*Asks:* 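One structure, pasted below without further comment.
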2 protein chains.
Amino acid sequence: MEKYRQLNIKLTPQRLAILDYLRDNTNHPSAEDIFKAVKKKFPTMSFATVYNTLETLLNKGGIHELKIETGKKRYDYDVTPHHHIICIKCRKIVDLYKDYKIPLPDEITREFELINKTVEFYGTCRNCKKRH
Amino acid sequence: MEKYRQLNIKLTPQRLAILDYLRDNTNHPSAEDIFKAVKKKFPTMSFATVYNTLETLLNKGGIHELKIETGKKRYDYDVTPHHHIICIKCRKIVDLYKDYKIPLPDEITREFELINKTVEFYGTCRNCKKRH
DNA sequence: GTTTTTGACAAGAACGGTTCTAATCTGATA
DNA sequence: TATCAGATTAGAACCGTTCTTGTCAAAAAC
């Protein structure tokens, strides 16, 4: 796959499995989610490999790290700019592809060189709403 | 102080010290920041008390919890709605008092009952920029 | 005014996610 | 085939947070 090649890293079987899992599971999995899934294919898989691979991919810009939970990080294969809606009950995360132009006051732009922004919406999804 | 009274909790000396620290340190301190500072006044202070108090204050709506870092939570005495600009180098957080109206597409509002939103800007502050 | 009850505090253990360490393995290159 | 850098592994260490247990102090009940 083209994206894989662009990463310009050694594509070991473990790394491929991690990448494939991320590509096929767009529900923003955590390191543990990835570990559990990939361990089925590679029983000797360790957390170190998951974290090492994630860091390598991060540095190459192949994935995004979501800091939406405080307890654990979640990962996103989709690196095109987008925002998220998070269900505060089940922690489901839904993507939102919209480019919001949000003006910043001058006193901020004088003080900060802006790099990027995230907009996060919190609410309850229909499922969690039903079972009140 | 008026806000303290409105919290409607038993204002023990330890809790007062924590509240005072939060009121006087608007740099969004972490639990450890609070612990270290208040321990000077109460050498027997424990983390349990800090966390217990923070949770009580949270439940009473007296403070806000910022989930900007993944590793640790940070706390905000200011509960009026506002957003943040975060320096990716020194993790300084600056407040931004602006009420952005951000429209959500219908397919989202059908699926989610929106509760609130956060807008976070990331960049480098002038200080960190200087020492490139 | 003493006893009882309630809730806050303290110390440290436990926990969960992440990072580090040291040893081993793999695979590309010479 | 030998070399060597980099990847993998298992488990220890780490850090922030939560939990547990016992103690203490203030308020309520008697």
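Nothing here was measured: the structure is a model prediction, and the numbers come from that model. All chains are named by letter (A, B, ...) in the order of the sequence lines, taking the proteins before the strands, and each is independently numbered beginning at 1.
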*Asks:* Examine C:dT26: is either OP1 or OP2 under 4.0 Å from a nitrogen or oxygen in the side chain of A:Q14? Give yes or no.
*Replies:*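 No, A:Q14 has no side-chain N/O under 4.0 Å of OP1/OP2 on C:dT26.
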*Asks:* So if I take every side-chain heavy atom of A:M45 and compare against D:dT9, C:dA8, D:dA7, which nucleotide ends up nearest?
*Replies:*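 Nearest to the side-chain atoms of A:M45, counting from C-beta on, is D:dT9.
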*Asks:* Whole angstrom is fine here: how far is it from CG in B:L54 over to P in C:dA8?
*Replies:*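 Answer to the nearest Å: 14 Å.
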*Asks:* To the nearest Å, give me how far apart CD (A:E55) and C1' (D:dG6) are.
*Replies:*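 After rounding, the gap between these two atoms is 15 Å.
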*Asks:* Does a donor on one side chain sit under 3.5 Å from an acceptor on the other, for B:N59 and B:T56?
*Replies:*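 On atom types as modelled, these side chains do not qualify, holding no pair under 3.5 Å.
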*Asks:* Assuming nearest nucleotide by heavy-atom distance, tell me which of B:K39 and A:F47 is located more 5' along DNA chain C.
*Replies:*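 Taking each residue's closest nucleotide, the earlier one in sequence belongs to B:K39.
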*Asks:* Determine, step by step, whether B:D76 and B:R74 satisfy the salt bridge (Lys or Arg N to Asp or Glu O under 4.0 Å) criterion, reporting the C-alpha distance in whole Å, the side-chain angles of both residues, the deciding distance to 0.1 Å, and the verdict.
*Replies:* CA-CA 7 Å; B:D76 199 336; B:R74 296 177 64 163; over 6 Å; no
*Asks:* With nearest nucleotide decided by heavy atoms, which residue, A:T56 or A:P43, maps closer to the 5′ end of DNA chain D?
*Replies:*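 Whichever sits nearer the 5' end wins; that is A:T56.
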*Asks:* Whole angstrom is fine here: how far is it from CD in A:E69 over to P in C:dG16?
*Replies:*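 So the CD-P distance, A:E69 to C:dG16, works out to 16 Å.
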*Asks:* So A:N52, base contact, sugar-phosphate only, or nothing? Heavy-atom distance under 4.0 Å.
*Replies:*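 The residue A:N52 makes base contact.
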*Asks:* Quick one: A:K72 NZ to C:dT19 P, roughly how many Å, whole number?
*Replies:*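 In whole Å, C:dT19 P lies 14 Å from A:K72 NZ.
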*Asks:* Could you check which of C:dC9, C:dT18, D:dA10 has an atom nearest any side-chain atom of A:Y51?
*Replies:*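 Of the options given, the side chain of A:Y51 lies nearest C:dT18.
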*Asks:* Nearest nucleotide by nearest heavy atom, which residue falls closer to the 5' end of DNA chain D, A:A48 or B:K73?
*Replies:*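 By nearest-heavy-atom nucleotide position, the 5'-most residue is A:A48.
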*Asks:* In whole angstrom, what separates A:L16's CG from C:dG27's C1'?
*Replies:*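 Result: 14 Å.
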*Asks:* Is a side-chain donor-acceptor pair under 3.5 Å present for A:N25 with A:Y75?
*Replies:*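 Their side chains do not contain a donor-acceptor pair, so the 3.5 Å distance test is not met.
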*Asks:* Counting the atoms with a prime plus P, OP1 and OP2 as sugar-phosphate, which does B:T44 contact under 4.0 Å by heavy atoms, base, sugar-phosphate, or nothing?
*Replies:*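 Sugar-phosphate only.
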*Asks:* Does the cation-pi check pass for B:K41 over B:Y21, that is, NZ or CZ under 6.0 Å from the six-membered ring centre and within 45° of its axis?
*Replies:*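 That pair does not qualify as a cation-pi contact.
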*Asks:* What is the distance from CD1 of A:I18 to P of D:dA7, rounded to the nearest Å?
*Replies:*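 After rounding, the gap between these two atoms is 12 Å.
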*Asks:* Which nucleotide in the list C:dT18, C:dC9, C:dG17 gets nearest to the side chain of B:T12?
*Replies:*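 When the side chain of B:T12 is considered, C:dC9 is the closest of C:dT18, C:dC9, C:dG17.
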*Asks:* Nearest-Å distance, NZ (A:K10) to C1' (C:dT29)?
*Replies:*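 Going from NZ in A:K10 over to C1' in C:dT29 covers 11 Å.
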*Asks:* Nearest of D:dG16, C:dT18, D:dT9 to any side-chain atom of B:E32?
*Replies:*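 The answer is D:dG16, which lies nearest to the side chain.
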*Asks:* What's the closest nucleotide to the side chain of B:T49 if the choices are D:dT8, D:dG11, C:dA10?
*Replies:*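 So the side chain of B:T49 is nearest to C:dA10.
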*Asks:* So B:H28 and B:H84, would you call those rings parallel, tilted or perpendicular, with 30° and 60° as cut-offs?
*Replies:*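 Perpendicular: the ring planes of B:H28 and B:H84 meet at over 60°.
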*Asks:* Round to the nearest Å and state the distance from B:L11 atom CG to D:dA25 atom C1'.
*Replies:*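 Between C1' of D:dA25 and CG of B:L11: 16 Å.
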*Asks:* Considering only side-chain heavy atoms of A:S46, which listed nucleotide, D:dT9, D:dT8, D:dT17, is closest?
*Replies:*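 Among the listed nucleotides, the one closest to the side chain of A:S46 is D:dT9.
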